[in-house]
Amino acid sequence: MKIALLGATGQTGQFLVKQALEQGHTVTAVVRNPAKLTVHHDNLKVVSADIFSADSLKPHFKDQDVVMSCLGFPASFFSGVTGYTTSMAAVIGAMREARVNRVITMTSWYTDPDSATQSPFLIRFLLLPMIRTVLSNMYEMERFLQKNEDINWTVVRPPGLKNLAASAQEFLTHEGYFVPDSSGQVGRGDVARFMLSLLNSNAWVKKGVAFTTK
């Protein structure tokens with residue numbers, strides 16, 4: 001497939017670039033700073049664009065089969081995080097103009113504030129408050145996607161991320177904001193592996209899916 005990838009220079013994005021190329025896909029990595037992506041491959045095109053501008057993104061989405069996003073934005077204690085919603089609004093606008101209607105993006109477990117009550121004690125009272133500004137904006141983005149009926153979106157919700165390559169472990173999935181009775185960490189390589197597995201499946205179209213590995 002032809003994949004337009006946002007966030008390709010990030011830790012998860014780099015795994016996704018590598019695996020997508022290994023699987024024979026063609027990747028257009030849409031980045032702010034092309035020099036930060038050190039991979040070279042005949043099926044990889046690296047382009048620079050403003051992720052918050054539909055006009056900037058549109059030329060790079062043309063003739064693509066799918067847009068995939070591993071974009072991440074840091075938590076802020078002094079102001080709300082807005083990167084997820086503003087970038088996705090630009091992405092959807094560009095997709096419509098470029099006539100692409102499939103997007104796969106990643107958020108996290110516990111984006112819905114109500115789901116946090118199901119998390120372990122330390123996560124609920126120590127970790128989640130520290131990243132709540134991020135989770136809140138991710139949740140806003142998820143709700144924004146639900147309103148776009150012409151777009152075949154999927155939101156992938158991994159738990160805590162470890163900087164590990166892909167394993168061969170089986171995936172555990174749940175249509176919700178966490179996977180009950182399971183571990184709260186997963187390797188970034190497995191996030192990339194799971195996102196790419198969705199290219200050949202309609203199972204989670206117009207849905208959010210929490211996942212982890214066995």
Side-chain angles (χ1 to χ4, degrees), residues 5-7 10-13 16 51-54 57 66-96 101-162 171-186 188 190-192 194-195 198 203-213:
L5 175 59
L6 305 172
Q11 290 175 298
T12 305
L16 208 152
I51 56 171
F52 301 115
S53 164
L57 292 170
V66 59
V67 175
M68 302 184 81
S69 175
C70 297
L71 289 172
F73 301 92
S76 170
F77 292 106
F78 305 106
S79 60
V81 175
T82 60
Y84 294 96
T85 43
T86 50
S87 62
M88 187 55 72
V91 165
I92 297 299
M95 285 174 62
R96 285 199 179 102
N101 81 336
R102 182 80 172 108
V103 60
I104 301 169
T105 189
M106 61 179 280
T107 58
S108 173
W109 282 17
Y110 306 125
T111 51
D112 181 349
D114 292 339
S115 68
T117 60
Q118 305 297 312
S119 63
F121 182 86
L122 288 177
I123 289 176
R124 182 179 178 186
F125 292 105
L126 286 180
L127 176 63
L128 295 185
M130 291 171 63
I131 60 169
R132 179 45 64 190
T133 53
V134 168
L135 296 174
S136 294
N137 196 230
M138 286 177 167
Y139 186 56
E140 280 183 66
M141 182 185 77
E142 292 172 348
R143 290 168 66 89
F144 167 74
L145 284 170
Q146 291 167 14
K147 295 172 185 172
N148 290 275
E149 294 183 8
D150 59 321
I151 301 295
N152 289 327
W153 56 271
T154 301
V155 171
V156 171
R157 301 183 181 117
L161 300 175
K162 297 182 288 188
F171 292 121
L172 299 173
T173 59
H174 181 70
E175 189 176 349
Y177 295 93
F178 61 97
V179 180
D181 305 318
S182 60
S183 160
Q185 287 197 315
V186 71
R188 292 178 188 274
D190 282 326
V191 177
F194 183 68
M195 291 177 77
L198 299 176
W204 299 105
V205 171
K206 297 190 178 180
K207 291 179 180 177
V209 52
F211 87 97
T212 188
T213 48

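Between Ser87 and Phe73 the shortest side-chain heavy-atom distance falls below 4.5 Å. Using a 4.5 Å cut-off on side-chain heavy atoms (C-beta onward), Leu145 and Ile92 make contact. In this structure, the side chains of His174 and Ser182 stay at 4.5 Å or more apart for every pair of heavy atoms. At least one side-chain heavy atom of Arg102 sits less than 4.5 Å from a side-chain heavy atom of Thr154. Here the side chains of Phe194 and Thr213 are not in contact, with every heavy-atom distance at 4.5 Å or above. The shortest side-chain heavy-atom distance between Tyr84 and Val134 falls under the 4.5 Å cut-off. Here the side chains of Arg96 and Asn148 are in contact, with some heavy-atom distance below 4.5 Å. Counting only heavy atoms from C-beta outward, the side chains of Pro158 and Arg188 never approach each other to under 4.5 Å.
Separation of atoms CZ (Phe52) and CG (Leu57) is listed at 10.0 Å; rounding is to 0.5 Å. The NZ atom of Lys206 sits 6.5 Å away from the CD atom of Glu149 when rounded to the nearest 0.5 Å. The distance from the OG1 atom of Thr12 to the CE atom of Met195 is 8.5 Å, given to the nearest 0.5 Å. One distance of note links CD1 of Ile123 with CD of Gln118; it measures 12.5 Å at 0.5 Å rounding. With values rounded to the nearest 0.5 angstrom, Leu71 atom CG is found 9.5 Å from Met106 atom CE. Distance CH2/Trp204 to CH2/Trp153: 11.0 Å, rounded to 0.5 Å.
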Practice problem: Apply side chain to side chain contact (heavy atoms under 4.5 Å, CB included) to the pair Leu135 and Ser108, showing each step before the final yes or no. | Solution: CA-CA 7 Å; Leu135 296 174; Ser108 173; 3.8 Å; yes

Practice problem: Begin with the C-alpha distance, continue with both residues' side-chain angles, and end with the deciding distance and a verdict on side chain to side chain contact (heavy atoms under 4.5 Å, CB included) for Val67 and Leu6. | Solution: CA-CA 8 Å; Val67 175; Leu6 305 172; 4.3 Å; yes

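Annotation for Trp109 and Phe211: closest pair NE1-O, 3.3 Å, computed over non-hydrogen atoms. Between Thr212 and Pro159, the closest heavy-atom pair is OG1-CG, 4.0 Å. Across all their heavy atoms, Cys70 and Leu5 have their closest contact at SG-CD1, 4.3 Å. When all heavy atoms of Ala94 and Ala54 are compared, the pair lying nearest together is CB-O, 3.5 Å. The two residues Met130 and Ala75 make their nearest non-hydrogen contact at O-CB, 3.7 Å.
No donor-acceptor contact under 3.5 angstrom links the side chains of Ser119 and Arg124, judged on distance only.
At most 12 heavy atoms of other shown residues, nucleotides or ligands fall within 6.0 angstrom of atom CG in Asp181.
Each of Asn152, Leu198, Val155, Val205 was checked for a side chain to side chain contact (heavy atoms under 4.5 Å, CB included) with Ile104, and the lone residue meeting it is Leu198. The side-chain hydrogen bond (donor to acceptor under 3.5 Å, both in side chains) with Thr111 is formed by just one residue from the set Glu140, Arg143, Glu142; it is Glu142.
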